[in-house]
Each structure stands twice: as structure tokens, then as C-alpha cells.
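Below: one structure, written as C-alpha cells.
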There are 2 protein chains.
Amino acid sequence: MTGQARRVTRHFRNSHVESQDLRRAGLKVTLPRVKILEILASASAHHLSAEAIYKKLLDSNEDIGLATVYRVLTQFEAAGLVSRHHFEGGMAVFEMNRGDHHDHVVCVDCGKVEEFTDESIEKLQSAVAERLGFALADHALILYAHCRRENCPSRKTRGA
Amino acid sequence: MTGQARRVTRHFRNSHVESQDLRRAGLKVTLPRVKILEILASASAHHLSAEAIYKKLLDSNEDIGLATVYRVLTQFEAAGLVSRHHFEGGMAVFEMNRGDHHDHVVCVDCGKVEEFTDESIEKLQSAVAERLGFALADHALILYAHCRRENCPSRKTRGA
DNA sequence: ATAAATGCAAAGACTTTGCAGCGGC
DNA sequence: GCCGCTGCAAAGTCTTTGCATTTAT
């Protein structure tokens, strides 16, 4: 409730960058949109569900409804700002579009997602599509695997 | 509407084979299960949604509920008889497990799905996983493309 | 000031579950 | 005849939509 305008400068700069993204997308610069964009841009986990974003907003004491989160994410997707993935499981997750293409490895034990790119695989995909008489438009490659790491044990059912 | 019991022999043989599949899976051989298995085994499109299977059952004048379709499909999945995919779009589709692994090309214009395999890609996937410190368990590769064919035009929004 | 964006709650799409009756073994 | 399976309908998730109010420009 206090601390209204501290560190105005930095806050302003961040907002400014994101505001431009929104303007470019033809979207009015509103608090919910800026906040959601910030969350997506700074999330440690690159992939967030609508619910997860909603919770983060609540944590920040933002009074933004879940419906708005979905609406905004859909708009962002249409604007090309974010991508929506379904992986296996029915629940959609969203991630910022940073221009760089990449595929995903999902740990079947802890659900952690990592990203990667492999030029050779990319090329082979185009080749396969050609061979089958298709013109490749896009693709989704998800590797399901066990990540053998300390910070990613099977005990943790769902890491945040 | 006519032609009730023609080619009994073949029909019998098919049923028999499928019954064994069910028994092996530890499932009682019931009409709904056999019917659903038949539909999955003989579908021209390899991938069917629960709804699609349900409609086919209705077409065959079988009085089987949608709930049962879902239940049976879930059991089949648990038994390893079928696989469930989500592709992009949230609606699950099911396909028979024929032992052979393959990946998918989905036409973004008409939704038609084709299958393929590519040894080189498979190998590269394992290599990538290794490199990242993962033990590859499974994967999903979906190519989204435009199929330039007469029988697959963009006009048909949803082919059955 | 005005048109667009939001919040709430209600509806929607897909899937699962509870319970009484039917059916395979 | 027994236990499991089915159908129906109701409940559950995740997501979208309608409408009055709020907000950015």
C-alpha cells in the first residue's frame, strides 16, 4: 500500500521497452498487459501456464482476473509476442517469443523444461517434409527424457 | 441396412484377434471394447478423437456412451494398446499402437495427418539428449506443413 | 470524452466420475 | 451368480464470453 513511486527511473525504463512492444502489436498499454509481459519476460522458467501467471500477479498484489490473463495471452499470441504450447497433458503453457527458434526437452520425472536447437535436425526435417510432398511451415519437437541432476530429482513432483 | 452376416469368417477372425488383444491387456471382452478397437484398427485416418469414435459408433447403431468411449480409450492407453496425442489445439486424438514408431506431419490447411520415420533424425535426437545430460525416454516430433495435393485442399476445413 | 480493456460470473468444450443396472465368464 | 462394465447424468478442468465499470489516450 505504501512505496508508490520508488526507483521511478528503472521502473520507467522497463515499462517503456515493454510499452513499445505492446504499441507495435497494436495493443493499448494497460497495467495488466504490461505486468503480464514483465512476468513472461523475467520468468526463470520460460514456460508458464495461465494459472501460474495469474498466481504471480496475485503475489504482486495486482488485482487482475484470470479471464484477463487468458484474454491478454491470446492477444499476445495473435500478435506474435508469445507462443502457446500444449506438450502432453492438455494444459497450455506460454513463453515469450525471443526471435530465436528452439525445441524442448521435458524431464518426465520433474517436469522441468529445457530448450535446445540442432541445425542438423532442422535441416533433416525440411528434407523429410519435401520428400513427402509437403511444404514445411513449422514444427514442434519435444524430447521426453530423464534428467539426471541433483537439482532435478524425481522427488519433486512439481517444481515452480 | 441389409447384408447382416456376409463374410462371417473374416468378421469372426478379426473379432478373435482383437479379443486376444483385450485379454492380454487384462480387460474383459465386451462389445464396446471390441467395437472401439475395431474402429481404431480399421480407421482410414489413423488418428481419431473420442468424439469421432463416438460418432462412428452411433453410425454403426451401437448404443455406447461417450463416457464409455473415454473410459475405454484410457484403459487402452494404460494397457499400451493405443497412444494419446495432443498435437496443438487441446483436443486429444488416439491411434493404435502397431509397434512401429513414427512421427507426424500435420497439414495446417486441412488437418490431415501423415506418418513418417527418419532414422537420422531419431539418432540425432538421442545425441542431443545425451549432450544435454538427459536420458531420452520418448519424443514427439510434429511437422506442420502445407500439403499440395488435390485430395487435400484448403477449402475443406475439417475432413472426417 | 470515447472507445477499448477489465473483472466478475456465467457459459462452453473436453474429459472424468458416481451410481444403478446389464453382461461376460 | 459374481464382479466387472456400461450408460446416464452430474461434476471437474481449463478456457472463453457477456456485460457493466474502469482506464488509456
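Because the structure is a prediction, the values reported are computed rather than measured. Letters A, B, ... are given to chains in the order of the sequence lines, protein chains preceding strands, and every chain is numbered from 1.
Proximity of A:R33 to A:Q75: side-chain heavy atoms (C-beta onward) are separated by under 4.5 Å at one or more points.
The separation between A:E62 atom CD and C:dA5 atom P is 19 Å, rounded to whole Å. The interatomic distance linking A:I36 (CD1) with C:dT6 (P) rounds to 8 Å, in whole Å. B:E51 has its CD atom 16 Å from the P atom of C:dG12, to the nearest Å. Here D:dT16 presents its C1' atom at 10 Å from CZ of A:R84, a figure rounded to the nearest Å. The interatomic distance linking B:K35 (NZ) with D:dT6 (C1') rounds to 16 Å, in whole Å. Counting to the nearest Å, the P atom of C:dT15 and the NE2 atom of B:H86 are 7 Å from each other. The distance between atom OH of A:Y54 and atom C1' of D:dT13, rounded to the nearest whole Å, is 16 Å. Between A:L27 atom CG and D:dA24 atom C1' the separation is 13 Å, expressed in whole Å.
Picking from D:dA9, C:dC8, D:dT15 the nucleotide with the shortest atom distance to the side chain of A:L66 gives D:dT15. The side chain of A:M91 sits closest to D:dC14 out of C:dC8, D:dC14, D:dT6. When the nucleotides C:dT16, C:dA4, C:dG23 are ranked by their closest atom to the side chain of A:K28, C:dA4 comes out on top. Of the listed nucleotides (D:dT6, C:dT17, C:dT6), D:dT6 has the atom at the smallest distance from the side chain of B:T68.
Side-chain nitrogen and oxygen atoms of A:R33 include at least one within less than 4.0 Å of the OP1 or OP2 phosphate oxygen of C:dT6. Between B:R23 and C:dC25, a side-chain N or O to OP1/OP2 separation shorter than 4.0 Å is present. For C:dT16, the OP1/OP2 oxygens have no side-chain nitrogen or oxygen of B:Y70 closer than 4.0 Å. Taking only side-chain nitrogens and oxygens, B:T74 comes nearer than 4.0 Å to OP1 or OP2 of C:dT16.
Using a 4.0 Å heavy-atom criterion, one finds that A:I64 contacts the sugar-phosphate atoms exclusively. Among the atoms of the strands shown, only primed sugar atoms or phosphate atoms (P, OP1, OP2) are found under 4.0 Å from some heavy atom of A:T30.
Heavy-atom nearest nucleotides on DNA chain C were determined for B:V29 and for B:A50, and the one closer to the 5' end corresponds to B:A50. Projected onto DNA chain C by closest heavy-atom contact, B:R71 and B:L31 fall at different nucleotides, the more 5' of which corresponds to B:R71.
Of the possible donor and acceptor atoms, none in the side chain of A:N97 sits under 3.5 Å from a partner among the backbone N and O of A:G99. The backbone N or O of B:A41 sits less than 3.5 Å from a side-chain atom of B:R98, completing a donor-acceptor pair.
No side-chain N or O of A:E114 forms a donor-acceptor pair with one of A:H104 less than 3.5 Å apart.
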Full working for side chain to side chain contact (heavy atoms under 4.5 Å, CB included) between B:L57 and B:K35: CA-CA 8 Å; B:L57 287 170; B:K35 279 292 172 189; 3.8 Å; yes
